[in-house]
There are 2 protein chains.
Amino acid sequence: MLSKSSKYAIRAVLYLALHSSVEKKYSPIEIADAIDIPAPFLAKILQSLTKDDIISSIRGRNGGFYLTKKNKKNPLILVVNSIDGLHKFHECLLGLPVCSDENPCPIHHAVSPFKKQLEAELSNKSIDTLSKEVSEGKTHIFL
Amino acid sequence: MLSKSSKYAIRAVLYLALHSSVEKKYSPIEIADAIDIPAPFLAKILQSLTKDDIISSIRGRNGGFYLTKKNKKNPLILVVNSIDGLHKFHECLLGLPVCSDENPCPIHHAVSPFKKQLEAELSNKSIDTLSKEVSEGKTHIFL
DNA sequence: AAAATTTAAGATAAAATTATCTTCATAATT
DNA sequence: AATTATGAAGATAATTTTATCTTAAATTTT
């Protein structure tokens with residue numbers, strides 16, 4: 001459903017939301033080490049997110065990746081949208097080109113409500129909110 | 001979430017459930033044409049399903065693939081299990097090695113009920129039942 | 001201004017998935 | 001028995017995704 005890139009991206013963004021600020025920036029290597037994913041691959045993902053203004057970066061000495069307050073207020077779904085595109089949430093689980101409430105595939109009604117709920121969840125909850133659940137120990141991004 | 005192989009497999013099996021019998025067998029080409037997927041790839045998938053005794057085949061002249069009554073009584077999840085393995089339903093959507101009700105990832109609670117219901121749906125409904133919904137026009141495997 | 005450090009960008013490589021092809025074995029028909 | 005039609009099996013190829021590497025540009029520190 002989600003590409004590895006999106007999965008890595010979500011975890012990295014939440015990591016940055018938890019730990020970074022304008023004063024404390026992170027290199028791809030630091031983040032990759034912390035959440036156990038390949039660093040050069042993550043670097044590419046972070047670049048892409050930066051271009052879409054979902055995370056922030058400063059280059060040169062003492063540079064790195066970080067999240068501004070504004071960045072943190074964005075819904076997490078922007079991350080998925082940037083990497084995979086939102087169509088991932090709308091695609092038929094059986095790969096049928098036509099699959100809707102009117103013309104459902106055999107498992108549509110078991111799948112559809114949850115795609116909607118997941119999309120809503122990611123659209124309504126900000127990066128900030130979700131990262132706070134991590135800092136409170138309710139959820140995790142590493143274990 | 002599901003591989004293309006699994007998606008093709010589900011549709012092909014439901015197609016066979018709808019149309020085939022010991023008297024009326026189908027070649028991979030016929031099925032592939034009917035549901036618009038690549039025939040040689042489907043041939044491989046059908047062979048694999050045959051080995052796992054989820055569908056039936058007879059080779060040689062007038063041979064082909066078909067479903068016995070027994071085959072049709074199986075739950076559809078056997079198809080996914082045979083091709084992808086059931087772990088597909090149990091994996092964390094963020095790819096975390098540990099993700100459970102006790103140790104949830106940030107989107108676990110939005111995802112978990114969905115995976116459970118979908119797995120239940122595929123486990124409880126037989127190939128026969130689901131194919132009947134197709135023949136009644138309630139769902140479709142091609143459009 | 002030079003050196004050091006860090007992201008940006010583009011090229012390349014490896015791995016996994018999807019797709020095809022070729023040869024072989026089997027069964028029915030003639 | 002020969003021919004024909006069909007699935008089985010294994011080899012190969014194409015594509016996509018994932019991962020890495022190299023060079024360039026930018027910024028800070030010295």
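Lettering of chains follows the sequences in order, A, B, ..., and the numbering in each one begins at 1. Predicted model, so just to flag it, every value in this text is computed and none were measured.
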Nearest whole Å is fine: how far is D:dG7 P from B:D52 CG?
18 Å
Are a donor atom and an acceptor atom from the side chains of B:N103 and B:S100 found within less than 3.5 Å of each other?
no
Name the pairs: protein N/O against N/O of nucleotides 17-19 of chain D, kept only if under 3.5 Å.
unit_1	atom_1	unit_2	atom_2	d
D:dT18	OP1	A:K4	N	3.0
D:dA19	OP2	A:Y8	OH	3.3

Ignoring hydrogens and angles, tell me if any N or O in the side chain of A:T50 forms a donor-acceptor pair with the backbone of A:L46 under 3.5 Å.
yes
Take A:K115 and A:E91 through the test side-chain contact (heavy atoms from CB on, under 4.5 Å) and record every step on the way to the result.
CA-CA 9 Å; A:K115 287 196 298 193; A:E91 278 168 356; 5.5 Å; no
Over how many whole Å does the gap from A:I58 atom CD1 to C:dT5 atom P extend?
18 Å
Would you mind reading off the distance between A:L42 atom CG and D:dC21 atom C1', rounded to a whole angstrom?
16 Å
Run the numbers on B:Y15 and B:Y26 for ring pair (Phe, Tyr, Trp, His ring centres under 6.0 Å), then give the verdict.
CA-CA 10 Å; B:Y15 181 85; B:Y26 285 86; 5.5 Å; yes
What's the CD1-P distance between A:I45 and C:dT7, to the nearest Å?
15 Å
In whole angstrom, give the distance that lies between atom OH of A:Y66 and atom P of D:dT27.
12 Å
From B:L94 atom CG to B:C99 atom SG, the distance as rounded to the nearest 0.5 Å
7.0 Å
Less than 4.0 Å between a side-chain N and a carboxylate O, is that true for B:K132 and B:E136?
no
Should the pair A:E133-A:K125 be classified as a salt bridge under the 4.0 Å nitrogen-to-oxygen rule?
yes
Base, sugar-phosphate or nothing for A:G60? Non-hydrogen atoms, less than 4.0 Å.
base
Calculate, to the nearest 0.5 Å, the distance between atoms CD and CG belonging to A:E119 and A:N124 respectively.
10.0 Å
Starting at atom CD of B:E30, determine the distance to atom P of D:dT6, rounded to an integer number of angstrom.
8 Å
Give every pair of a protein N or O atom and an N or O atom of nucleotides 9-13 of chain C that lie under 3.5 Å apart, one pair per line with the distance.
unit_1	atom_1	unit_2	atom_2	d
C:dA9	N7	A:K44	NZ	3.0
C:dA9	N7	A:Q47	OE1	3.3
C:dA9	N7	A:Q47	NE2	3.4
C:dG10	N7	A:K44	NZ	2.6
C:dG10	O6	A:K44	NZ	3.0

Just by modelled atom types, is the B:D128 backbone N or O under 3.5 Å from a matching donor or acceptor in the B:S131 side chain?
yes
Provide, to the nearest angstrom, the distance between the CZ atom belonging to A:R61 and the C1' atom belonging to D:dA25.
17 Å
Nearest whole angstrom, please: distance from the C1' of C:dT29 to the CG of B:N62.
8 Å
DNA chain D-proximal residues of residues 10-22 of chain B, any heavy atom under 4.0 Å
none
Do B:D101 and B:K116 meet the salt-bridge criterion of a basic N to acidic O distance under 4.0 Å?
yes
Applying side-chain contact (heavy atoms from CB on, under 4.5 Å) to B:N71 and B:I127, what does each step give before you reach the verdict?
CA-CA 8 Å; B:N71 290 148; B:I127 290 166; 5.9 Å; no
D:dA8 phosphate, OP1 or OP2: any side-chain N/O from B:S57 under 4.0 angstrom?
yes
